[in-house]
Every structure is written in C-alpha cells, then in structure tokens.
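Right, one structure below, let's go through it.
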Protein chains: 2
Amino acid sequence: MSTTTTDTKEQIISVAERLFAERGFAGTTLRNVISEAEVNLAAVHYHFGSKEDLFRAVVARFARPIVEQELALLKQLQAGDRVPSVEAILTALFKPGLEFLAQDKEFLLVHAKFMGRCWTEPEPLKSIVAGEFALSMEAFLDVLQRTLPEQSRSQLSWKFDLVIAALIRVQSEAGQPFALLQSTEPEAIQEAMEQLVKFLSAGMRS
Amino acid sequence: MSTTTTDTKEQIISVAERLFAERGFAGTTLRNVISEAEVNLAAVHYHFGSKEDLFRAVVARFARPIVEQELALLKQLQAGDRVPSVEAILTALFKPGLEFLAQDKEFLLVHAKFMGRCWTEPEPLKSIVAGEFALSMEAFLDVLQRTLPEQSRSQLSWKFDLVIAALIRVQSEAGQPFALLQSTEPEAIQEAMEQLVKFLSAGMRS
DNA sequence: GTCTATAATTCGATAGAC
DNA sequence: GTCTATCGAATTATAGAC
C-alpha cells in the first residue's frame, strides 16, 4: 500500500466523518466529500466500494480506539476482584471520549458530533454502530451489575442507556452557549466530567 | 377551506411526520410521502410550498399542543406563589409527551421518534424546532431556578438539557428490548414516568 | 384543488484510458 | 491508483390542463 493511497483513504474518511457528523448520512453526498477532500469521485468507490461501506470505515476508525481504551480502563478498575464505585465506572466510560476532545483541537468536536449523529441514524447504519460498541457496552453493564446488585438487569440497562445518551448530548453540544463543556482546556474537561459523573451517579443509584 | 383540502393537508403532514421520524429529513423524499399518503406530488407544493415548509408544518402541528399543555401544567403548579418540588416540575414536563403515547396506539411512537430526530437535525431545521419549544423551555428553567436557588443558571441549563435528552431518548427507544417504556398501558407509562423522574431529580439536585 | 407531464438538477455507481 | 466521461435513476419543483 503506497503512501499516496493511505493518505487518500484517510483523507476521505476524515472528511466523511465530519460531514456525516454535521449533516447525517443521507444529508451528505459523495460529491460533498470528494470536493472537500480534494480527491476524485471514483477514488471513493475504488477504496471503499459504496457510500455505505465508507460509513462502515468511518465508524470502525472512530470506534475501535475508544472501545479499546474503555475496556482497558475497565479491566484496570476490576483488578483483584475489586468492586468499583459507580463514579469510578462512569469516569472510565467518559474518559476516553472526553479526553479525545482535548487532544486534537482542530477537529475537537467532529468525533463527538459524529457519535451523536450515529446514535440516531436509521437502519442499517444504527446496527453498524451498535455492533462496534457492543462488546464495550456489555462489559460496562456487567461491572455495573456487580456494583449495584440490588437493581435488576433491566433497570440497569435503561439507566445505562440514559448515561450514554447524556454523554453523547454533552459531546454534541460542546461549545454551544450554556453547554456543560465550554472549553477544551484539560481543566475544563476534567471539571465537566466530574459534574456529569455526579449528575448521573445520583440517578444510577436512585 | 373544503373538507377535502384539510384531509389532504393533514394526511400529508401525518405521513411526513412518521417518515421524518424514521429516516430523518434528508432521508425522506417527497415521493416517499405522497406514495404512502396516496396524494399527488404537486399537492405537496400546492399546500406547503417546499419540502422545508412541509417540515415547518409538521413541527408546528406537533409542538403546539404539547407546549400549550406544558405551560398550563406549569402555571397550575405555580399557583399561589408555591415553589414546587423538582419531582413535580419534571412530572409536568414529561406528562404531556408521555401521555400522548397512550392516547393513540396506532401512531404511538411516531411523535416521540419525530421529536428525537428533530433534536439532531442540522440547521436550519434545528432552529425551526427550537423556536417552537423556546417559550416552554424558558418557563421551565425559571421555575427550576426558584426551586433550586443555590444552583447557578448555567448549571441548571445544562442539567435541564440532559433532562430533555433523557426524555427524548426514552420516547425514541420505547418498545425496544431493555427500554424503560415497554408497553403503552397507562400503568406502564405512569410507572416509567415515576422511575425517570426519580433518576433525573437525583441528578438535578446533585 | 387535483392531476399529468416534464423541466432542471443531482445522486450513486461504473467503464475504460492512462 | 487516479482520472474523465457518462449512465441510469431519483430528486425537488413547476407549468398548464381540467
């Protein structure tokens, strides 16, 4: 695989992620993508096959490092059969996503908005996204179950779903007036994460 | 205005609401709408002018009765300068939306999903929706401020935003496996509402 | 108000030269 | 791998008969 190829592929994925995030899958045309990515239309089909396969590639590049980090933090948290607190679990869930925001300020909100958009895409896109995150979601539910054994699995499930919805909302709204997350300074992110964890831990225990 | 006209207009709006809810604005074509509504393509432009204006009409028919009910319940809650509890305020916020689900079982989830979809539509659609609900949102924030005077306005704002996000998520996921809202029986809705209010009130106070 | 017919564009996808 | 050129289908929107 030549350097040029990689650049072209990555360039297409990056632009597609941003446009999918802003306008959704149906609202984004391949011509929008190639125009901003400054590549040829045929290159998209050559590298990815179809628009839907391009979406798959975007989701994969986006989700895998996050899931990996989440699972690592979770494993670390459970070391020695410890039963972590709700706060610790939620912090492990939020950290990879939110710290990603701090790392690259240029596209700071793109990943977040893409995630938020994915959450509401119709089938079959929704299943593509859910598939990438399924492993991580199950693992978090399992450890939550051990921390809150008095709650039923179904209760934990819908509560955890609302936790994810809240995280996504905070990420999507970042930077907007009155949003929780106003700046991408590490301190601001840390502060926002703590407040969000407090808000949701209280709900998880209710 | 003849009966036929009204029926055609209402029919178009109803189908459009459902399709916008399921596939989003960009993912829905006017041909999808007229096909299911069994009306002529030109009728859409005759009655609404454009696809975006059709979206405006859908939002207006959808939002206005809900906002009206919300404000009425809120006024009732504040009668005699009372300072209602967080639980009472959230219940007033959730009731109109959730009880709507029970009323018409045929389209029980359409309104809910439409609302959820609207929340993430790109501009200028987002602003159209926000405009319809702005009055109600401000009123709720004001009464929340009086109930929780020790919290800053900006804190209340992002927390309230997460409350809305949670309500929308619950509505959108209704009927799915592991969702909070599984049935449209009044008792099930009541029970779900109480649990959701508990979850979020705890967070509001945190 | 409703219809047919169609204009004017844009879409995803592909063939084939280089 | 990258390009031009183009296909066939689908899109919103309109004109004009009834």
Side-chain angles (χ1 to χ4, degrees), chain A residues 1-61 117-118 121-128, chain B residues 1-59 61 117-118 121-126 128:
Chain A
M1 202 187 294
S2 76
T3 306
T4 307
T5 300
T6 303
D7 283 355
T8 300
K9 274 186 86 164
E10 291 296 312
Q11 180 69 3
I12 292 172
I13 293 182
S14 294
V15 172
E17 178 178 354
R18 181 162 51 79
L19 295 185
F20 286 158
E22 288 168 1
R23 318 174 187 180
F25 179 79
T28 301
T29 71
L30 293 182
R31 286 177 163 83
N32 294 150
V33 175
I34 61 148
S35 161
E36 296 204 25
E38 294 177 315
V39 300
N40 190 276
L41 175 58
V44 178
H45 293 96
Y46 174 80
H47 286 291
F48 302 97
S50 72
K51 189 184 176 186
E52 187 178 309
D53 287 330
L54 169 60
F55 182 81
R56 281 196 164 79
V58 172
V59 173
R61 197 192 70 171
R117 179 77 54 182
C118 282
E121 288 288 3
E123 294 292 351
L125 309 178
K126 189 181 175 182
S127 292
I128 294 174
Chain B
M1 202 189 294
S2 77
T3 307
T4 307
T5 301
T6 304
D7 285 354
T8 300
K9 275 186 82 166
E10 291 296 311
Q11 180 69 3
I12 292 172
I13 293 182
S14 295
V15 172
E17 178 177 354
R18 182 162 51 78
L19 295 185
F20 287 159
E22 290 168 359
R23 318 174 189 180
F25 179 79
T28 302
T29 71
L30 292 182
R31 284 177 157 85
N32 295 151
V33 176
I34 63 151
S35 162
E36 297 203 25
E38 293 176 316
V39 300
N40 190 274
L41 175 58
V44 179
H45 293 96
Y46 174 80
H47 286 292
F48 302 99
S50 72
K51 188 184 176 186
E52 187 178 310
D53 287 331
L54 170 58
F55 182 81
R56 280 197 164 78
V58 172
V59 173
R61 197 191 72 171
R117 180 75 54 180
C118 282
E121 289 286 6
E123 294 293 351
L125 309 178
K126 188 181 175 182
I128 294 174

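Worth knowing before you read on, the calculation uses all heavy atoms, side chains too, and leaves out hydrogens, waters and symmetry mates. Chain naming here is simple, since letters A, B, ... match the order of the sequence lines and numbering starts at 1 in each.
In this entry the distance linking CG of B/L30 with C1' of D/dA13 reads 9 Å, nearest Å. For A/I12 and D/dG1, the CD1 to C1' distance is 11 Å, given to the nearest whole Å. Between the C1' atom of C/dT10 and the CG atom of A/L41 lies a distance of 12 Å, rounded to the nearest Å. Across the protein-nucleic acid pair, A/R31 atom CZ and C/dA13 atom P stand 11 Å apart, rounded to whole Å. Distance, A/I34 CD1 to C/dA13 P: 13 Å, rounded to whole Å. Taking atom CG of residue A/N32 and atom C1' of nucleotide C/dT10, one finds them 11 Å apart after rounding to whole Å. Separating the NE2 atom of B/H47 from the C1' atom of C/dG1 is a distance of 6 Å, rounded to the nearest angstrom. Across the protein-nucleic acid pair, B/L54 atom CG and D/dT11 atom P stand 15 Å apart, rounded to whole Å.
B/A43 comes within 4.0 angstrom of nothing in the nucleic acid, heavy atoms only.
B/E52 and B/R56 are joined by a salt bridge, as a carboxylate oxygen and a charged side-chain nitrogen come within less than 4.0 angstrom of each other.
A donor-acceptor pair shorter than 3.5 Å can be found between the side chains of A/T29 and A/N32.
Map A/A42 and B/V39 each onto its nearest nucleotide of DNA chain C; the residue landing nearer the 5' end is B/V39.
For D/dG1, the OP1/OP2 oxygens have no side-chain nitrogen or oxygen of A/N40 closer than 4.0 Å. Phosphate proximity of D/dT2 to A/T8: present, with a side-chain N or O under 4.0 Å from OP1 or OP2. The phosphate of D/dT14 (OP1 or OP2) has no side-chain N or O of B/H45 nearer than 4.0 angstrom.
Open room surrounds CD on B/E38; 12 or fewer heavy atoms of other groups in view lie less than 6.0 Å from it.
Using a 30° and 60° split on the angle between ring planes, B/F20 and B/F25 fall in the tilted class, from 30° to 60°.
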